[in-house]
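Reviewing the structure listed below.
Atoms within each ligand, like the ligands themselves, are counted from 1 in listed order.
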Amino acid sequence: MTAKSKADSAFPLSADYRPLEVEMEVREFWEKNRIQKKLMEYREENNVGVLGWVEGPPTLNGTPHVGHARGRVMKDLWFRWRTMQGFYVPFWAGWDCQGLPVELEVEKLLGVRNKRELLEKVGEERFVEECKKTIMRYHKEWVEADCKLGIFIDQQKAYWTYTDDYIEREWQYLKRAWEQGLLEEGYYVVAYCPGCQTSLSSAEVGYEGSYVEVEDPSLYFKFRVADKPDEYFLVWTTMPFTIVTDLMLAVHPEAEYAKVQVGAEKWIMVKQRVEPVMQELGVKDYTIVETVLGRSLEGLKYDYPFKDLVPKQAELDKHPLVHKVVCEDFVDVNTATGVVHLSPGNGEEDFAAAKKRGVPVFAPFDDEVKFTSDAGFFQGIFARDADTMVIEELRKKGLLVKADKIRHEYPTCWRSHHKLVWLARREYFLRTDRINDKVVAAAEKVEYFFEAPKNRFLSFLKEGKPWCISRERVWGAPLPIWVCEKCGTKTFIASKKELVEKALEKPPPNFELHKPWIDRIKIKCEKCGGIMHREPFVLDTWHNSGAAPYARFTDEEFAKYVPVAFLTEGIDQTRGWANSLLLEHVILTGKAEAPYKAFLFQGLTQDAKGRKMSKSLGNIIEVNKLLEKASADVCRFYMLRKCSPIDFMNFDLNEMNRRPYQVLATLYHLNRFFMQNAEYDCFNPQKHTLEWAKSGGLLRKPDLWLLSKLQKTIGNYTANLEKCEFNTALAELEEFVVETISRLYVPMIRKELWTDDPETLNRRLAIYATLWHVLKTTLLLFNPVIPFLCEALYQKIYKRLDPTLPESVNFERWPEPDESFRNSALEENFEKLLECVSLVYSARQKAKLKRRWPLRRMVVVSSEKTLEALRSLSDILLELANVKEAEYAEKLPKNMIGDVESGKWVEASEKGIAVYLDVYRDEALLGEGLMRDVARRVQSLRKELGYVPTEILETVHVAGLDEESIRLLKPYMEQMADLVRAKRVQLHTSPSEVEAEWHEYPLDDKKVYVAIS
Ligand SMILES: [Zn+2]
Ligand SMILES: [Zn+2]
């Protein structure tokens, strides 16, 4: 026997799977050979079609964490998979650079508390510079994370939402809205954050996590009916400060209202609430003296109590409709008193009620939501701080009924967490409510893959509120509207060129489309010759990023790629990017068309305990820190495999390093096993193809079965990817690798590979041909998920054995099922076989007979059809069961019944198959079993010492066995030498008999010593 053994050091794959080393090597390989760039160029020239895509730009205001990583991994999966299918995808990066999230981050870094301080201490010019510096710093982190994760996104072609080019194209959306009369100035009630000092859109108000439980006053108070000294309206509020801006009371026209006698007073409230409210107020003695319909209260005047404190209110009181009762259907008669006070300056419905009646709106607030001089006594007080003052004033006037506290859900700012205040303000609105039918129709045509997020998105869209797009901030795309200071004419300027042409003074060279520079540009009114100033607003940052489909492409690219084929973002983007993309696209095109054909909303990622990741809990896992020690492949596989993309995922580092790691390690070792054996036999994939093996009749049932299973796996896997059921797809692939190949197929063929007999070489080559095909195909399927390991194995095994293969695994074509390999009859037979083998294992377990110990006989009892299947695979059954002979019968032979009862045979049965094992082991069986036990220890030692499986050892020494064992073992020495791949095995009674490096192993309750020399 001339050993063709190769030293381990010459072998390119380490003995164990070390993902971090693999990933570093592959990263270097990709960089050195410019694989990503080449792949893009290649697919641009050679494709079966184009699939549009646009990056949902991450905001550069923080470092990427695992939640971001999960989304990016899904994007990369989609990109690599579609690229392998032959499509060209413009997988180009993009960065969200402006807006409130960035401003707040920079404010924090600069150590200023609010906008006023910012403008006073820092100034707009420096602030803008700081914003740019900050986004560049975070950008570095994001690119690093993408690189570590193996995201093949093109960073060179990234778009940046703050560049002039981008902003100019964003303006085109607004221009279209302007032309269609959908962009208008308005005085409306908007949600306003006192902290950020800007208004928010209604989408932002509903943002994930913005509603929090807060404590507010719960105040019952009364307003006296004018000219009736004893009659009062009983009212409830949680925002006492709004009494300062109160202008009307509202009742429900159809509800029954009661006058309740309490002491000397009559309180008016809705009848159905009398009992619970009196109970809450602790009023025991009361009687309903009269009931009237809400409608009959309309027009009643009440004495507004703060006329002395707020002179402006005394003035408003002269208006014929102010401080009177109105009827409104929105009044809820199931809570509080059914009488609500209306403050049109502080509530959406209140505002609408005032507008439709021509009642003026009173909103005496400045940008910090402090009362202005119009609020008299309350001037300079922050609105929410006025709550206690208002209560105190009511008390002084004898109008306070009860002041308590209430804990309830209240919307806060999604960025700064301040309690929001509703304020009537002058803003700019996109009147998307007017095109809502088109928007909803467009959204309904999109594929969402899962019902729940689809419903959530559609029901949000159906609200169809106007979109407040103006922000009173600094770092954003400016609103390009100039207003004449003389005649009020407005003009919309849609490009930098036009702006420079019209500017009264030519702007300096460093001029850019940002505050403060753009505010310095004045233009001349074409109508009256007056000076026009820019409206000082910037645009909602969601408008900025929502402009990406048009703004990030050229006209030509836009025509080619939009509507894009697929997008995926977090579920929170239903109110964010998915919404603004849709609204802007419908405005731009005028069509009921979304800019995306499919949108996968991902569930959010939480910590291992299912808690939201947050700075305050300190449980945020940053990608770059994580991947210093953890494998990107394992992480990617874990994220995609653990749960459905729409599920909330609990990210658990311990869990990640267990099963997911083992699955990838199995894949690694299978490939390594193949490589070691194939190289040993000089397998040549160009020559020893599957066709070659097939035509030579060299393929056997296990191979044919494996090849058939492979086709099914390819088909199901791809179908699940199409449906975005990544976890189901991977469960199937995992099962194929771990169960089908590793646990079942390899044991069926392993023995055939043990020999180096030239006579059976062709059969071994046929097995390699099978493994080559199956394992390589599996790698291709895995590539979009674990690109590092796949590239490493591809280079070190497949490309090495066949240098004509493409330069990188990413250039390979996506596998398609080959029906000629499908054999469902064979698959069914194997199903029966595997059921039977697992019965053998459980019978063995019952009788405490190790699987390694050969047994003499088994009897299988089942239907004729099953028996036929088993007979056709008898050799494999005996091999896997480790039994010498099998008998097949439709009924248990009568003569065996007694032996089964007495325990001479052990039984296991399920699903119509019963297996009986003869438990008796004669000396021959005992000897062989012992040999296998000892051989197993030798194999472990081989592995420990780093021998390649194909390497042939000189001598194996075994010592420590007793006389009896040695006698039993003797007849099997040659077989054992074969099994452990050694020229000879020598038995010794004691280790001291020979000079060797002994290794001690437990063998049942004894010890055995093994040495290799
Ligand atoms: Zn805020
Ligand atoms: Zn004018």
Please calculate the SG(Cys484)-the Zn ion (ligand 2)-SG(Cys487) angle and round it to 10 degrees. 110°
Residue of the set Arg425, Lys115, Arg426 for which salt bridge (Lys or Arg N to Asp or Glu O under 4.0 Å) holds with Glu472: Arg425
ang(SG Cys193, the Zn ion (ligand 1), SG Cys413) rounded to 10° is 110°
Taking both backbone and side chain into account, is any N, O or S atom of Ser416 nearer than 2.8 Å to the Zn ion (ligand 1)? yes
Please identify which of these residues, Gln98, Arg552, His139, meets the side chain to side chain contact (heavy atoms under 4.5 Å, CB included) condition with Trp160. His139
N/O/S from Cys196 sitting under 2.8 Å away from the Zn ion (ligand 1): yes
Among Ile135, Asn544, Ile167, the one residue meeting side chain to side chain contact (heavy atoms under 4.5 Å, CB included) with Thr161: Asn544
Could you walk me through whether Tyr138 and Glu105 satisfy the side-chain hydrogen bond (donor to acceptor under 3.5 Å, both in side chains) test, starting with their C-alpha distance in whole Å, then the side-chain angles of each, then the deciding distance to 0.1 Å, before giving a yes or no? CA-CA 11 Å; Tyr138 287 124; Glu105 180 64 21; 2.7 Å; yes
